[in-house]
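What's counted below: heavy atoms across the whole structure, side chains too, no hydrogens, waters or symmetry copies.
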Amino acid sequence: MPEETENGEPARRLINLVGIPVLNVSGEASYHRPYAHCVATWLNQAGVKTEYVNREDVGLPGNGHQMMSEKNSTGIAKFFMSCWIRTF
(Lines give C-alpha, C1' and ligand atoms only; values in the text may rest on other atoms or scores of the structure.)
Protein backbone atom coordinates (compact mmCIF):
# COMPACT_ATOMS: atom_id res chain seq x y z
CA MET A 1 0.00 0.00 0.00
CA PRO A 2 1.41 3.45 -0.91
CA GLU A 3 2.37 5.85 1.84
CA GLU A 4 -0.08 8.69 2.42
CA THR A 5 0.75 12.28 1.56
CA GLU A 6 0.25 15.16 4.00
CA ASN A 7 -3.35 15.62 2.83
CA GLY A 8 -4.12 11.96 3.57
CA GLU A 9 -4.32 10.83 -0.03
CA PRO A 10 -2.23 7.86 -1.17
CA ALA A 11 0.92 8.91 -3.00
CA ARG A 12 1.14 7.92 -6.65
CA ARG A 13 3.67 5.15 -7.26
CA LEU A 14 6.46 5.85 -9.73
CA ILE A 15 6.62 2.26 -10.93
CA ASN A 16 9.41 2.88 -13.46
CA LEU A 17 11.72 4.14 -10.70
CA VAL A 18 10.94 1.60 -7.98
CA GLY A 19 14.07 -0.43 -7.35
CA ILE A 20 16.44 2.32 -8.51
CA PRO A 21 18.16 3.95 -5.51
CA VAL A 22 18.29 7.76 -5.60
CA LEU A 23 20.67 10.09 -3.79
CA ASN A 24 19.48 13.69 -3.53
CA VAL A 25 22.43 15.91 -2.56
CA SER A 26 22.19 19.59 -1.69
CA GLY A 27 24.88 22.24 -1.35
CA GLU A 28 24.56 25.27 0.91
CA ALA A 29 24.51 27.80 -1.95
CA SER A 30 22.23 25.84 -4.27
CA TYR A 31 19.00 27.49 -5.29
CA HIS A 32 17.43 24.02 -4.90
CA ARG A 33 18.26 23.99 -1.17
CA PRO A 34 14.96 25.32 0.21
CA TYR A 35 12.92 22.49 -1.32
CA ALA A 36 15.40 19.68 -2.05
CA HIS A 37 14.32 17.71 1.03
CA CYS A 38 10.71 17.90 -0.19
CA VAL A 39 11.67 16.16 -3.44
CA ALA A 40 13.28 13.33 -1.45
CA THR A 41 10.18 12.98 0.74
CA TRP A 42 7.92 12.92 -2.32
CA LEU A 43 10.04 10.27 -4.04
CA ASN A 44 10.00 8.08 -0.91
CA GLN A 45 6.22 8.44 -0.70
CA ALA A 46 6.03 7.34 -4.34
CA GLY A 47 7.95 4.14 -3.56
CA VAL A 48 11.39 5.29 -4.76
CA LYS A 49 14.09 4.65 -2.15
CA THR A 50 15.68 8.10 -1.80
CA GLU A 51 18.35 9.36 0.58
CA TYR A 52 18.72 13.11 1.16
CA VAL A 53 22.14 14.50 2.10
CA ASN A 54 23.18 18.04 2.98
CA ARG A 55 26.81 18.20 1.86
CA GLU A 56 28.00 20.06 4.96
CA ASP A 57 26.65 17.19 7.09
CA VAL A 58 29.20 14.87 5.45
CA GLY A 59 32.14 17.29 5.65
CA LEU A 60 31.71 18.97 2.26
CA PRO A 61 30.51 22.51 3.07
CA GLY A 62 29.70 25.32 0.67
CA ASN A 63 29.10 25.38 -3.04
CA GLY A 64 26.09 25.40 -5.29
CA HIS A 65 24.34 22.67 -7.22
CA GLN A 66 27.00 22.16 -9.93
CA MET A 67 29.23 20.24 -7.59
CA MET A 68 31.57 18.71 -10.17
CA SER A 69 32.57 22.26 -11.24
CA GLU A 70 33.57 23.25 -7.71
CA LYS A 71 37.12 23.41 -6.30
CA ASN A 72 36.41 20.53 -3.90
CA SER A 73 34.95 18.27 -6.61
CA THR A 74 37.51 15.56 -5.88
CA GLY A 75 36.26 15.27 -2.29
CA ILE A 76 32.68 15.18 -3.51
CA ALA A 77 33.49 12.40 -5.99
CA LYS A 78 35.26 10.42 -3.25
CA PHE A 79 32.17 10.74 -1.05
CA PHE A 80 29.94 9.38 -3.78
CA MET A 81 32.27 6.51 -4.63
CA SER A 82 33.08 5.41 -1.08
CA CYS A 83 29.97 6.16 0.92
CA TRP A 84 27.08 5.73 -1.44
CA ILE A 85 27.68 4.08 -4.80
CA ARG A 86 29.52 1.09 -3.32
CA THR A 87 26.58 0.33 -1.04
CA PHE A 88 24.38 -0.57 -4.02
Does any N or O in the side chain of Ser73 come within less than 3.5 Å of the main-chain N or O of Ser69, such that one atom is a donor and the other an acceptor? no
Ile20 side, atom CD1; Thr50 side, atom OG1 - distance, nearest 0.5 Å: 10.5 Å
Please confirm whether the backbone N or O of Ala36 pairs with a side-chain atom of Asn24, one donor and one acceptor, at under 3.5 Å? yes
Just how far is it from atom SG of Cys38 to atom CG of Leu43, taken to the nearest 0.5 Å? 11.5 Å
Hey, what do you get for CG (Leu60) to CD1 (Ile76), rounding to the nearest 0.5 Å? 5.5 Å
Going hydrophobic residue to hydrophobic residue with side-chain gaps under 4.5 angstrom, can you get from Trp42 over to Val48? yes
Among residues at least two apart in sequence or on other chains, which ones pass ring pair (Phe, Tyr, Trp, His ring centres under 6.0 Å) with His32? Tyr35, His65
Nearest heavy-atom neighbours spanning Gly47 and Arg13: CA-NH1, 3.3 Å
Would you say Ile15 ends up clustered with Val22 if hydrophobic residues are merged whenever their side chains have heavy atoms under 4.5 Å apart, either directly or through other cluster members? no
If you take all heavy atoms of Arg55 and Gly27, which pair is closest and at what distance? NH1-CA, 4.0 Å
Listed by chain and number, what are the side-chain hydrogen bond (donor to acceptor under 3.5 Å, both in side chains) partners of Glu56, not counting sequence neighbours? Arg33
Point-to-point distance, once rounded to the nearest 0.5 Å, from CG of Leu23 to OH of Tyr52: 10.5 Å
Looking at CE of Met67 and OG of Ser30, how far apart are the two atoms once the value is rounded to the nearest 0.5 Å? 8.0 Å
